[in-house]
Structure formats: structure tokens, C-alpha cells
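Source: prediction; values computed, not measured. What's counted below: heavy atoms across the whole structure, side chains too, no hydrogens, waters or symmetry copies.
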Amino acid sequence: MPAAVRPISAASRPSRAWLWFLIAGTVVAVAYILLPDNQLTNWIFPAVNTSGAVAAIIGVRRNRPRNRSAWWMLAVALSLSAAGDIIFAGYDLFHAAPPFPSIADVLYIAAHLLAAASVVRLSHHAGRDSMLEAGVLTVPLALQYWIHIISPTLRDQDGANGLAVLVAVVTPVGTLIVLFGALRAGLSMEMRKWPARLLVAGMVAWFIPDAYYAAASLNGTYNAGGWMDLGWMLMPLLLGAAALHPQMPQLNVPLHVSTNILSVRRYLVVIAGVLTVDAYAAVTTHGPDRLVALAVLVSGLLAAVRIRRPLRDMGQRATRDGLTGLPNRTELIRRLTFALAELPADGSNKVALLFCDLDRFKDVNDSLGHEAGDRMLVTIAQRIVDSVRDDRDVVARLGGDEFVILMPDATDEATDLVAERLVTTFTEPIMIDGTEVFPSVSVGVRTTDDYRAEPAALLREADAAMYRAKSGGRGRAERFDDQYAAEASARLRLDAELRHALANDELICVYHPEIDLATGGLYALEALVRWQHPSRGMLSPDDFVPHAETVGLIGILFEQVLDQVLTAQDKWLDEFGWRPTVAVNVSPRQLTNARLVQVVLTALEAHDAPASALILEVTETALVDDSVMTGTLAELRRHGVAVAVDDFGTGYSSVSRLADRHWDALKIDRSFVAGINEDVAREGVVHAMIALAHALHLRAIAEGVEDEPTLTKLRELGCDAAQGYLFTRPVDAAEISKMIIRCPEWNAAPVITAA
């Protein structure tokens with residue numbers, strides 16, 4: 001993360017064309033209702049409806065939403081509806097009675113079907129919950145529709161031609177479908193956005209006058225130019241304003257449906273709709289049926305009042321953290337899901353996650369108690385809330401000392417600014433029970449402009465970046481970038497492949513001789529593990545051993561290497577009558593495992609091999625832990641297993657550690673051996689190391705010997721053994737057998753043999 005971040009530039013003022021269009025259109029629509037009916041005012045109605053279609057087309061072309069096809073269908077539906085209004089205005093102009101069905105009726109039906117297809121397309125990713133909730137509202141409404149509109153319409157059309165009956169029925173049915181789709185879309189979108197509110201309001205404004213017209217036309221009470229016509233004009237105005245709104249491209253149903261908690265607000269919307277239908281049924285029924293309808297209405301009202309508070313409490317527990325009152329993981333994933341759905345298609349904005357974890361918070365709990373830790377978490381939560389931009393950002397607590405900030409509509413500059421603010425403001429001390437605590441936080445940042453991203457994966461990647469920040473020194477921020485993503489993917493792939501290799505015997509051992517410089521005989525063979533990868537070829541230990549240590553596979557790897565070594569020794573024993581000593585590398589992580597001693601002894605017993613058949617090589621860093629020296633290493637040496645310190649001079653051990661006498665040999669690292677003929681200082685260092693080993697009664701073994709002058713110099717300095725490419729490169733067990741045959745000096749005399 002950068003140390004200094006540029007201030008966020010002020011965003012350009014969003015266009016308010018949608019608002020002016022809605023206000024102007026509403027004023028004209030009200031004027032149509034209030035002005036006397038004449039040839040001029042008759043054309044206001046189709047003009048207003050046509051303006052809605054034009055606004056929708058302009059909005060789609062200008063905003064270029066991701067689900068463009070749905071908005072184009074809606075624009076065409078408004079255009080068809082406006083065309084039908086123009087046709088009817090033409091009949092009025094010429095004082096002609098329109099036929100039934102007319103071309104205008106066909107256009108209205110097509111408009112309904114296209115509008116229904118549009119809202120279905122908008123909400124096609126919506127989950128089952130939104131469909132159920134929309135059904136709760138529309139099913140009783142559909143029943144009332146059937147009783148009061150569709151059934152009387154069918155009776156009224158008795159004897160009429162089939163086309164007339166079809167038109168008479170399809171129009172109200174289409175209106176119901178449009179309403180169902182609008183409710184489903186509204187219940188699955190983020191209704192805090194104005195385009196969503198305008199869209200749903202426009203669909204409802206379409207439904208209400210259609211329902212009124214269907215009922216009024218049956219009883220002959222409909223009069224053109226009344227206040228109900230205002231609904232028909234508000235419909236295109238609201239839908240056109242939704243299309244013009246600058247946030248229209250963000251009006252998308254999430255691709256990844258999150259857990260839908262039925263909030264109190266959504267519950268009230270649903271139950272209010274049901275109670276409205278019940279009230280309508282109570283008003284429109286007669287006789288004993290009215291008493292039943294009133295009883296149903298009262299029962300529903302009492303149930304709504306009774307369940308409101310438990311539902312609110314349940315929603316709080318399901319979506320809020322009990323300690324801090326912040327959103328919890330469930331609510332965070334839901335908000336993140338909507339934030340991804342609202343991403344623009346052009347990548348101009350991003351969604352950002354900042355995963356925050358307190359450093360060394362366990363020390364507070366252990367020293368001051370969990371109650372003090374809880375008070376500190378409440379203070380930290382407030383500090384995080386104070387660090388974000390405004391109400392747009394969501395601060396959630398996942399549990400423990402983990403917090404996440406969700407930044408919708410974010411830029412890289414804004415994200416960096418908040419992250420920098422977090423790692424700097426947390427240095428202010430907190431007074432807990434008289435103790436001054438200086439907290440720090442590690443922050444992992446993950447941003448994306450991909451609306452198809454998986455919310456849970458983004459959270460995992462932000463978490464991974466946070467751990468990278470901790471490993472880099474704590475109290476800092478790290479960004480999850482493409483390189484880190486590739487590395488994480490490579491680690492996952494390596495983990496799976498290594499486990500497969502261990503299960504399918506893809507690991508093999510090669511052996512590098514260590515030659516006794518006094519006799520020319522074989523001192524020992526160092527076993528080096530290789531991975532015969534199916535696609536990458538032969539891999540060195542550096543490519544997979546560190547990963548095996550990290551993921552806990554190093555123990556299994558060591559056991560397989562040990563078994564291969566002892567099996568090879570068994571073969572050499574059968575061939576030559578003696579068992580060459582083999583040095584096997586042991587990871588420092590294994591030395592803290594008490595099971596290591598039993599693993600080594602069990603393997604030796606299984607192959608009937610003496611303890612002197614093995615030398616365990618440990619790196620110098622393992623010497624730092626006292627428990628390793630006095631525990632594992634001491635126990636192994638008591639059983640006769642020799643121990644050598646590998647790569648001596650590159651670690652952090654002290655001479656006092658060497659003097660503890662828990663080992664048998666020192667291997668001088670190749671970085672010191674190289675160039676001892678040309679560099680007097682290097683020669684002096686190697687000489688001192690050899691002298692130190694001899695003073696401690698240890699063997700000195702030089703690594704990386706690649707030429708005769710270096711070998712000669714090592715003999716002069718009194719080095720005991722040497723290993724390097726001058727003698728041979730690491731080879732397999734079969735090649736070692738050939739070398740034993742070719743080298744008569746490699747006899748059993750100078751070699752540590754079986755007892």
C-alpha cells in the first residue's frame with residue numbers, strides 16, 4: 001500500500017434529468033385531469049405516454065445497462081402502449097367509435113406481455129424467497145381478480161367471438177403478470193436505489209388503473225378523463241424516469257443469491273398487501289360472506305401486530321453482531337452480493353473489501369480478561385466506523401477480532417485512503433482497566449470490478465491478503481493483486497499435486513557421496529529427495545519441501561524418504577555385504593514433534609538396520625530451540641543415531657550451542673567453501689570453522705567442492721570430508737551400486753558399518 005495517498009477528487013454532480021422529467025410530466029398529467037375536455041387536451045394523454053417511451057429509449061442508449069435487453073423490452077412495451085393511446089386519440093379526433101377488439105387493444109396486450117418479459121428478465125437471477133413473497137401478494141389478488149373481473153368478463157362476453165373473449169381476458173391477466181414480475185424484481189433488488197423504487201412504482205401504477213378500468217367497464221361506471229387516468233400517465237413517467245436515472249445501470253438482481261432475511265420492512269410490505277386485498281374482499285362481499293371476510297381481515301391484522309416484534313428481534317440476531325451491533329457475516333455477504341450486482345458494466349467503479357484483524361489481541365484477553373477484551377473490541381469497532389467514508393460503506397464484524405469493511409462504488413484511491421487511515425489511527429492508545437493498550441491492525445484489501453465475482457471467494461482473498469500483511473510485519477495493509485492470486489492458485493495446485501505424489505510414490509531419492517579426505521573412502525551418502533512430476537519433470541526439494549513444511553506434509557515425506565533409504569541399504573547389504581551410512585535431512589518442524597524418535601527407531605527395526613546406518617542432518621536454525629537439543633536430538637543420539645549440523649555458518653546459532661555436544665559433525669556451507677583459493681579471508685573463515693569442529697571433537701565436512709585446487713586446500717586445512725560435483729553429481733541407488741564396484745577404495749573399512 002502506498003505511504004501517501006492522493007485525496008479523492010470530488011465526483012461530478014449526477015444528472016437530475018430524470019427528476020425534472022418526472023416533475024414536468026406529472027404537472028402536465030394533472031393539468032390534463034383538471035382542464036376541460038377538448039380537442040387539444042385529448043392529445044395530452046398520448047403525448048405524456050409517448051414521452052415516457054422516448055425517455056426510456058434515451059435512458060437505455062445513454063446509460064448502457066448490463067441487462068440492456070430487459071430495458072429495451074420495457075422501452076418497446078411503453079412505445080406499443082403509447083401507440084395504442086395515439087390510435088384511440090385518433091378515434092376521438094374523428095368522433096369514431098373504436099371497434100372491439102381494435103388494433104389498439106392488440107398493442108396494449110403486446111405491451112403487457114413485453115413488460116412482463118422485461119421484469120422477468122430483470123429478475124431472472126432472483127431467488128426462491130422473492131418468488132414466494134411476490135406470490136403471497138399476487139395469489140389472493142388473483143383470486144379477487146377472478147371473482148370480480150375475469151369471471152364476470154367471461155359471462156359478459158358470452159356469445160362473442162373468440163378473439164374478443166381472448167382480448168377481454170388477456171389484458172387483466174397480463175396486468176397481473178406484470179405486477180407479479182415487478183414485485184419479484186423489487187423484492188430481490190436493493191430498494192434503496194431510486195431506479196428500483198421508480199420501476200416498481202411504475203408497474204403498480206400500471207396495474208391499478210388497469211384493474212379499475214376492468215371493473216368499471218363491467219358496471220358501466222368508467223368515464224374518460226377522471227383521476228384514475230392519472231395512473232395510466234404516471235406509469236410511463238415513472239418507468240421513463242427509472243430509465244433516465246444515472247443509477248439505472250446498477251439496477252441488477254445479484255448473480256449469487258444470498259440468504260434472504262425477511263426484514264420487518266419487507267414483512268410489513270408483504271402483509272400490508274395481503275391485508276389490503278382482505279379489506280377489499282370485505283368491502284365488496286355481501287351478506288354472511290362479509291362477516292367471514294371481516295373475520296379474516298381482523299385475524300390477519302392481529303397476526304401482523306403480534307409477529308412484528310419477534311420478527312424484528314429475530315432479524316437483529318440473524319444480521320447483527322451481539323457485541324458491537326455491527327452487521328455480521330450473513331448481512332455482509334448479502335450487502336456484498338447487492339454491491340456486486342450494482343457494478344457498472346464499464347468497470348468505472350469497483351467493490352472493495354478491507355479485511356481487518358487486530359494484532360496480538362490474544363495478549364489482551366490473556367492478561368486483562370475477556371470482559372476487557374470485549375470493551376476493547378467495542379472501541380475498535382467505533383474507530384473503524386469513524387475511518388470509513390460515509391453511510392455508503394458497511395463495517396461488519398465476522399467474529400473475534402476480525403472486522404471487514406465493504407466499500408461499494410469504490411475507487412483504488414478511496415480504498416487506499418481508508419486502508420491508510422486504518423493502520424495509522426489504530427496506533428492511538430486505549431485505556432483498559434487502568435492499562436494503556438496500543439493496538440495495531442493488519443489489513444487485507446481486495447477490489448474487483450467483475451460483477452460475476454463470487455462473494456465468498458472475495459472474502460477469502462481479502463483474508464489471505466490480511467495474513468500476508470501480518471507475515472510482512474503487522475500494522476500494515478496489503479492488496480490482493482493478480483500476482484498474489486496466481487501465487488495462491490499455484491499453492492492450491494501444488495498442494496493437491498504433492499498429496500497425489502505422496503500417495504502414488506512419485507518421490508524418489510538420489511544420493512550424493514561424502515568422501516573421507518584422509519583415506520579416499522566413502523564417509524557417507526547424503527539422500528536428496530526429488531519429485532518426478534508428471535508434467536513438470538524432475539523437481540528439486542526447493543520446489544516442494546517448503547510447501548510440505550507449511551501444510552504439515554513434511555512428516556509423511558520424511559517417512560517415505562527414510563523407507564526408500566533403508567530399502568536401498570538393504571539392497572547394498574545383499575550385493576556388497578555392508579551397509580553404507582546414509583545422511584537424511586530432517587526439517588526443523590519435525591524436531592519439535594516427539595513422534596520423530598519413534599518413527600526413526602521403528603523404521604530401523606523394520607529393516608533390521610543398526611542406528612549407525614543413519615545420520616540425521618539438521619539445519620543450524622534448529623539449534624535455537626533448547627527443547628529440540630535436550631529432547632529429540634538427545635534421545636536420537638542415545639539410541640546411536642548420529643546428528644550433523646547442515647549449512648553451518650548460515651544460521652543463528654552460537655558457539656555455546658555447538659558446545660552442548662548434541663551432534664557429531666559440522667557441514668560447512670558451500671557459500672564459504674567457494675573461492676577459498678583466491679580469497680584469503682574466506683580461507684581464514686573455513687580454517688576457523690574446521691578448527692572449531694575439531695576443538696569440539698566433531699567431524700568437519702565441506703560442501704560444494706567443484707575443483708581440485710579447492711580439494712587440495714581443504715586437505716591442507718585439515719578438513720575431514722568433502723562433498724561436491726568434483727566427485728559426482730547426485731545419482732540414484734543403481735548408479736551408486738556401479739560406483740561402489742568401480743571404486744575399490746570405497747570399502748567397508750573407513751565407513752560406519754553395521755554393528
Please report the interatomic distance [atom1]([X]) to [atom2]([Y]), rounded to the nearest 0.5 Å.
X    : Y    : atom1 : atom2 : result
L616 : L633 : CG    : CG    : 8.5 Å
L525 : T581 : CG    : OG1   : 8.5 Å
L398 : D401 : CG    : CG    : 10.5 Å
D646 : I615 : CG    : CD1   : 11.5 Å

Within a strict 4.5 Å, meaning less than it, do heavy atoms of the [X] and [Y] side chains meet?
X    : Y    : answer
S540 : D543 : yes
V586 : F558 : yes
H694 : I690 : yes
I508 : V529 : no
S587 : V545 : no
V705 : Y725 : no
H512 : F727 : no
L692 : L698 : no

Side chain Q569, main chain W578, donor-acceptor under 3.5 Å: no
Would you say the side-chain atoms of R715 pair up with the backbone N or O of L517, donor to acceptor, closer than 3.5 Å? yes
side-chain hydrogen bond (donor to acceptor under 3.5 Å, both in side chains) for D669 and S671? Distances and angles first, verdict last. CA-CA 5 Å; D669 189 71; S671 62; 2.6 Å; yes
Salt bridge flag under 4.0 Å for residues [X] and [Y]:
X    : Y    : answer
D463 : R446 : no
E497 : R499 : no
R670 : E703 : no
R530 : D732 : no
R397 : E402 : no

Could you give me the CA-CA distance, side-chain angles and deciding distance for K470 and D359, then say whether salt bridge (Lys or Arg N to Asp or Glu O under 4.0 Å) is met? CA-CA 8 Å; K470 279 188 177 295; D359 299 325; 2.6 Å; yes
Above 12 or not: heavy atoms from other molecules or residues under 6.0 Å from [atom1] of [X]?
X    : atom1 : result
E716 : CD    : yes
R729 : CZ    : no
N504 : CG    : yes

Going through the distances and angles, do D563 and H607 end up as a side-chain hydrogen bond (donor to acceptor under 3.5 Å, both in side chains)? CA-CA 9 Å; D563 182 68; H607 289 266; 3.2 Å; yes
Distance-only side-chain donor-acceptor flag, D412 / T415, under 3.5 Å: no
Heavy-atom closest contact (L502 atom, L557 atom, distance): CD2-CA, 4.1 Å
Assess whether salt bridge (Lys or Arg N to Asp or Glu O under 4.0 Å) is satisfied between D574 and R579, documenting all intermediate values. CA-CA 9 Å; D574 292 340; R579 187 187 291 270; over 6 Å; no
Is there a salt bridge (Lys or Arg N to Asp or Glu O under 4.0 Å) between E735 and R742? Walk through the geometry before answering. CA-CA 10 Å; E735 189 62 31; R742 290 196 305 266; 3.6 Å; yes
Salt bridge (Lys or Arg N to Asp or Glu O under 4.0 Å) partners of R595, counting only residues at least two apart: E559
E526 vs N585, test: side-chain hydrogen bond (donor to acceptor under 3.5 Å, both in side chains). Steps then yes/no. CA-CA 8 Å; E526 182 181 5; N585 291 282; 3.2 Å; yes
V437/L368 under side-chain contact (heavy atoms from CB on, under 4.5 Å): CA gap, chis, key distance, verdict: CA-CA 10 Å; V437 179; L368 302 179; 4.2 Å; yes
For a side-chain hydrogen bond (donor to acceptor under 3.5 Å, both in side chains) check, start with the C-alpha distance between T710 and D707, then their side-chain angles and the critical distance, and finish with the verdict. CA-CA 6 Å; T710 301; D707 53 59; 2.6 Å; yes
Given the side-chain rings of Y511 and W572, with only the six-membered ring counted for Trp, is the space between their centroids under 6.0 Å? yes
